[in-house]
Number of protein chains: 2
Amino acid sequence: MGLPVRKSKVAPPPTCPLSEVLGLLRGAWAPNVIWQLSGEARRFGELRHDMPKISARVLSARLRELESRGLVTRRVLNTSPPSAEYALTPLGRELLPAIDALANVGRKLIEEWEASQREVA
Amino acid sequence: MGLPVRKSKVAPPPTCPLSEVLGLLRGAWAPNVIWQLSGEARRFGELRHDMPKISARVLSARLRELESRGLVTRRVLNTSPPSAEYALTPLGRELLPAIDALANVGRKLIEEWEASQREVA
DNA sequence: CTGTATCCATGATGATACTG
DNA sequence: CAGTATCATCATGGATACAG
C-alpha cells in the first residue's frame, strides 16, 4: 500500500462558474476582443484593424458567442455602406477588472521570468 | 514577450501579459489544477483523485507547464513507493485572487443568464 | 505510485472565396 | 463594409499500454 489519499480541504469543486468564464476566454482571441471593446463601441472592421492577425471568421464567431452570453451588444447602423457596432454590456464590463487582475499577474510572471534569466546569465 | 517558446503555430500572437496568463489557463484543466493546489501540497495521485476526469497524460503536462513557469513546485518524496508532491509557489498564489475574480463573474454570468431565461419563459 | 509514449478523435484557427 | 462557407492544418484531450 502506498500513502493514503488525503482528502482535499479545498471547498470549491473544481468547476462551474470558473469554467463558465474560462469557456468564454478560452478562445485564443476572446480576451482581446473584450479588451478592444473596453473603450467605446467599435465596428467590425475596426476590430479587425486593431487585431490584424485575427480572421474575419474567428472574429465573427467570438462576437456571436459573446453576444449570445449577453456580454456584448451588436447594433447595426443604418449607414451606407452598412456597418455594425459592438459594445460591452454592463455584465461584460464586469469582466474587465478580472481580466485586469490576470494581466497584472501576467506582467509579474514575465518580470520574474526575465529576472531568473538574468541570474542564470 | 521574451518568455519560453510558445510552440503554438496556429494560435498566433494575441498580445500583452494577459495572453501569457491566459496561455496558462487556456488548457482545459490548468485552472482546476491551480485551484486544487490552493490549499496544501498534493500528490500526483491525489490530484487525479480530485479530478477524476483528467488523464494522467494531461495532468502531467499541465504540472510540467506550470512548473516551468515557476508557478508550481515539484518535490519528490523519498517514500516507498515513491511519490511526488506539488505545491503553488508564491508567484502561483498570486493567480488565486485573479482566478477568484473570474469565478465571481462566472457566477454572475450564470445568474443573469438564468434570469433571462425565466423572463422568456 | 509516478509518470511517459502512442494512437486517435475533436475542436479551434487561418486562408480564401463568396454573399448581402 | 459586414459576414459566411469551405477546406486544410495544428493543438489538445482521452484512452491505453508501458516504464522507473
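Below, chains carry the letters A, B, ... as their sequence lines are ordered, and counting in each starts from 1.
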A:E46 has an atom CD; how far is it from atom P of D:dC1, in whole Å? 11 Å
Please assess A:Y86 against A:R42 for the test side chain to side chain donor-acceptor pair (under 3.5 Å), listing each intermediate value before the final yes or no. CA-CA 5 Å; A:Y86 295 88; A:R42 300 194 72 77; over 6 Å; no
d(CZ, B:R42; P, C:dG3) in whole Å: 15 Å
Donor-acceptor contact below 3.5 Å, side chain A:T89 vs main chain A:G70: yes
Is the distance from OP1 or OP2 of C:dA12 to the nearest side-chain N or O of A:W29 less than 4.0 Å? no
Rounded interatomic separation in angstrom, taking CE from A:M51 and C1' from C:dT13: 14 Å
Can you pull out the residues from residues 54-70 of chain A that lie within a 4.0 Å heavy-atom distance of DNA chain C? A:S55, A:R57, A:V58, A:R62
Nearest-angstrom distance from the residue atom CZ of A:R74 to C1' of D:dC1: 12 Å
Answer whether the closest heavy-atom distance between the side chains of B:L63 and B:R74 falls below 4.5 Å. no
Between CZ of B:R48 and C1' of D:dG13 the distance, given in whole Å, is 14 Å
Between the two ends of the helix from C:dC1-D:dG20 to C:dG20-D:dC1, what is the bend in degrees, rounded to 10 degrees, where each end axis spans five pairs? 40°
Starting from C1' on C:dG3, measure out to CG on B:L77 and report it in whole angstrom. 15 Å
Are side-chain heavy atoms of A:I54 and A:L47 found at a separation under 4.5 Å? no
When you measure from the side chain of B:E46 to the backbone of B:R43, do you find a donor-acceptor pair of N or O atoms at a distance under 3.5 Å? yes
Residue pair A:L102 / B:L95, side-chain heavy-atom distance below 4.5 Å: yes
Got a sec, which residues hit salt bridge (charged side-chain N to carboxylate O under 4.0 Å, His left out) with A:R75, two or more places apart in sequence or on another chain? A:E85
From CG of B:L47 over to C1' of C:dT2, roughly how many Å is that when rounded to an integer? 12 Å
Taking the side chain from A:S38 and the backbone from A:W35, do they hold a donor-acceptor pair closer than 3.5 Å? yes
Pair B:R64 + B:E67: basic N to acidic O under 4.0 Å: yes
Value in whole Å for how far the C1' atom of D:dG3 lies from CD of A:E85: 17 Å
Select from B:A84 and A:P82 the residue whose nearest nucleotide in DNA chain C is closer to the 5' end of that strand. B:A84
